[in-house]
Amino acid sequence: MTIWNLGSINVDNFYSVPRIPGPGETIASTELSMGLGGKGANMSVAAARAGAHVAHIGAVGSDGVWARDRLTEFGVDTRHIGVLTGATGHANIMRDTEGENTIVLYPGANAKISTDMIGAAISGAETGDFLLFQNETGEQGFAAETGRKLGMRVAYAVAPYVPGRLRALVPFLDLLILNAVEARQLQDELGVLAGELGIENVFVTHGADGCDWITQGETRRFPAHPAIPVDTTGAGDTFTGYLLAGLDRGHPVEEAIDLASRAAALMVARHGTADVIPDLREVLAL
Ligand code: ATP
């Protein structure tokens, strides 16, 4: 089967600075590094590294063709990534010596993905394929409704939480994946718990405390795998990509969670995002 991922692709620019500058201040960066990022791209890489066939639906500008090519190198099917006019989405991240950071995010091409692009891509999907999306692109409603009509299993990773978006999507969702902060935001907005929305499978991640799987009104907690965390960026995305890849292979949910937790534990012990997501061999060896 295929995991179709409507997702963001960002160029992450990391600037090391002695301290975060104040308003009106200019300071020199001591180091610059650039990498593939964006929640969508991270999830595609994670699922592909877990051995799934992943087709990414997305967009870059002409300055981001290298990011699309990087996804191809990771084994992601990139035929449905458009090269559009304008800039690729990017994140300019300033990191100081204390580990504090400030991020400016520009959605760029991620905000220009059209319903035509999505429709053209998933018209090739088969019944039972996964459709995954997050909140760093638009057109989730169209994707979810079309995916459901095509008999796909629709999965929504509610990251980052965008108020006003979830309720209309609920009827089309088979899976909901969110972290504890997003779960609280959901509860504040909708007045119910994530597990009370009537979605068949809900996964709430709790960092080092593991994750909850909520199904048919029952909540089960699964512990995290032990790790010495150095950088938790991308842990949630890695968890989601591996979880879907495990389910796509037909693993029972408990086994898919175990695989995802192992992969995420390896991820928190590494600096970086898409480029350092572990592959299946490393995850199974843990
Ligand atoms: P991100 O930092 O990428 O935004 P998130 O907030 O979406 O992550 P978390 O709930 O922090 O997601 O973590 C997702 C999963 O990663 C957890 O369920 C757990 O399996 C694993 N994980 C996160 N932090 C740790 C940790 N300190 N030790 C071991 N595993 C961890």
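Note: hydrogens, waters and symmetry copies are ignored here, and every other heavy atom, side chains too, is used. Order of listing sets the numbers, starting from 1, for every ligand and every atom in it.
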Find all atoms of ligand 1 within a distance of less than 4.0 Å from any non-hydrogen atom belonging to G234, and give their numbers and elements. 3 (O)
Given V230, D209, T232, which one has a non-hydrogen atom that is nearest to atom 2 (O) of ligand 1? T232
Going by the atom numbers of ligand 1, which of them fall below 4.0 Å from some non-hydrogen atom of G210? 18 (O)
So which bit of A208 gets within less than 4.0 Å of ligand 1, heavy atoms only: side chain, backbone, both or neither? both
For P229, the atoms of ligand 1 under 4.0 Å from one of its heavy atoms are 27 (N)
Heavy-atom nearest neighbour in the protein, as seen from atom 21 (C) of ligand 1, with distance rounded to 0.1 Å: A264 CB, 3.5 Å
In the protein, which heavy atom is nearest to atom 12 (O) of ligand 1, and how far is it? T205 OG1, 3.5 Å
Using a strict cut-off of 4.0 Å, indicate which atoms of ligand 1 neighbour a heavy atom of A227. 28 (N), 29 (C)
If you measure from atom 30 (N) of ligand 1 to every heavy atom of A157, P160, A224, which option wins on shortest distance? A224
Heavy atoms from other residues, nucleotides or ligands near CD1 of I228 exceed 12 (cutoff 6.0 Å): no
Give the minimum heavy-atom separation between G195 and I214, together with the two atoms involved. CA-CG2, 3.8 Å
Would you say V230 and H271 make side-chain contact, with heavy atoms under 4.5 Å? yes
